[in-house]
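Each ligand, and each atom within it, is numbered from 1 in the order the structure gives. Sequential numbering from 1 along the given sequence is applied to the chain's residues.
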Amino acid sequence: MLELLPEKSLAIIAAAPVKMMTDVVPYTFRQDADYSYITGCQQPGGVAILGHDIGLCMFMPEAKPYDVIWQGQVAGVDAALNTFKADKAYPMRKLHEILPDMIRGSSKLYHNVQTATSAYTELEAFKKLAYCSNVNDLSIYTHQLRWIKSPSELKLMKESASIACQALLLTMMHSKAYPFEGMLAAKFEYECKMRGAQRMGFNPVVGGGPNGSVIHYSRNDQKIKDGDLVLMDVGCEVHGYASDLTRTWPPCGSFSSAQEELYELILETNKNCVELCKPGASIRQIHNHSVEMLQKGLKDFGILRDAGSSSYHKLNPTSIGHYLGMDIHDCSMMSFDCPLKPGVVITIEPGVYIPSSFNCPERYRGIGIRIEDEILITETGYEVLTASIPKEVKQIESLLNNFSHGIGLDSQNNLRATSN
Ligand SMILES: *[C@@H]1O[C@H](CO)[C@@H](O)[C@H](O)[C@H]1NC(C)=O
Ligand SMILES: *[C@@H]1O[C@H](CO)[C@@H](O)[C@H](O)[C@H]1NC(C)=O
Ligand SMILES: *[C@@H]1O[C@H](CO)[C@@H](O)[C@H](O)[C@H]1NC(C)=O
């Protein structure tokens, strides 16, 4: 990080704030990815400083004895030095004495805009530099670093992908007996956490039938109708590293012919785009290729009138993929035009989302399909991190018909009876 930071400049990175659900109940805390990347520290309330002369300096929160009773121990100055390997560490109450001098010794400041806090933005020295436009967003540097994953980061990315794949496979096998959006979301979360994931990467998207066409659907409260597809876009987090994958399948065990035609088009596009992943290619290039394939395919089905039609964007407004890492839409400062490099992880997620009211042959209406894989760019091309979960029609049908788990909803009542 220090190599990227210009001479005579200082970086200020605050931890994520605690967000409240009600006035006394906080949401589960999630550390800001930049703060986590720089310090490794997973608690709120700290501010980290990076500078060429200073190294890493951490200001740490101090718990009052009363707080410890309610919240437990807090990592303080000792932990900053011994566990997080800071070069210097002070309690937060010293920040207004020490940081102004550090700022005055610098000609430029970079800070984590996402978590900026009045603990430092209200300091006169900070305001003075901000007034002369010498305060900038640090993420232009952190995102460059986070974009390319180190071998130990890749180990966590692979573990996160592997856990999500195992959990989604078990969820598929569960879906015939429990075709409910909410139960499938619960099954996925349970299987991830039983395998060591700390949390979901995002609220699972479990859309049955037309709900599969709602790209960030999150209600997950419907029964999936017999014969409908279910689209599950899911991912978990393992020590700060996210996974993100999507499969679409018919819980009843067989695709209808219209579903299968569309599914094969999305699958072909998925495989073609995966083949294009290699150093030097860009997400934008791959995206353009996917648009061409899908426009042509949808025109052949009579769903689009002409291949160049702007109504294509009504059926798929999303990008073919995004960068993936500590955040789901990782490294947003990196453009989709950047030539990919070994160590970058991206998603490839072609889809089609046909509203129930769309003016096209009736058999295709209300179908939503997405097939999303995680791709690691390697020296020679790519590695699919989500390859272990089936996506061929034949494989999926065989899995559902021959390897479905669960003995129907009756078993639930038994469960309830025995726990009484
Ligand atoms: C989800 O599907 C149900 C039943 O088909 C429908 O009533 C509901 O409006 C859909 N939800 C969204 C957000 O589209
Ligand atoms: C992708 O398509 C857009 C819009 O058609 C075009 O402006 C852009 O130059 C294309 N980019 C690449 C890398 O092919
Ligand atoms: C599994 O199910 C499919 C139907 O989807 C069937 O064609 C196939 O023969 C079955 N395979 C086995 C090993 O039972």
Can you pull out the closest protein heavy atom to [atom]? Residue, atom name and distance to 0.1 Å, please.
atom                    : result
atom 4 (C) of ligand 1  : Q222 OE1, 3.5 Å
atom 12 (C) of ligand 3 : N402 ND2, 3.3 Å
atom 14 (O) of ligand 2 : N288 ND2, 3.0 Å
atom 10 (C) of ligand 1 : N211 OD1, 2.5 Å

Item to check | Atoms in ligand 2 flagged as close to R284, the criterion being non-hydrogen separation under 4.0 Å | outcome: 11 (N)

Item to check | Q285: numbered ligand 2 atoms lying under 4.0 Å from its heavy atoms | outcome: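 What qualifies from ligand 2 is 13 (C).
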
Is there a donor-acceptor pair closer than 3.5 Å between any side-chain N or O of [X] and the backbone N or O of [Y]?
X    : Y    : value
T115 : A14  : yes
R195 : E191 : yes
Q43  : A75  : yes
R365 : C360 : yes
Q295 : Y312 : no
R199 : T28  : no
K176 : M173 : no

Checklist entry - Should the pair R247-D233 be classified as a salt bridge under the 4.0 Å nitrogen-to-oxygen rule? => result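 A salt bridge is absent here (no side-chain N lies under 4.0 Å from a carboxylate O).
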
Checklist entry - Heavy atoms of the protein only: does one fall short of 4.0 Å from atom 2 (O) of ligand 3? => result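 Under 4.0 Å from atom 2 (O) of ligand 3, at least one protein heavy atom found.
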
Item to check | Protein non-hydrogen atom below 4.0 angstrom of atom 6 (C) of ligand 3 present | outcome: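 Within 4.0 Å: no protein heavy atom nearby.
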
Next on the checklist: If the cut-off is 4.0 Å to any non-hydrogen atom of V214, which atoms of ligand 1 fall inside it?
Outcome noted: 14 (O)

Item to check | Atom indices of ligand 3 within 4.0 angstrom of E397 heavy atoms, with elements | outcome: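 In order of numbering, the contacting atoms are 5 (O).
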
Item to check | Numbered atoms and elements of ligand 3 in range of N401, under 4.0 angstrom, heavy atoms | outcome: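 Numbered from 1, ligand 3 contributes 2 (O), 4 (C), 5 (O).
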
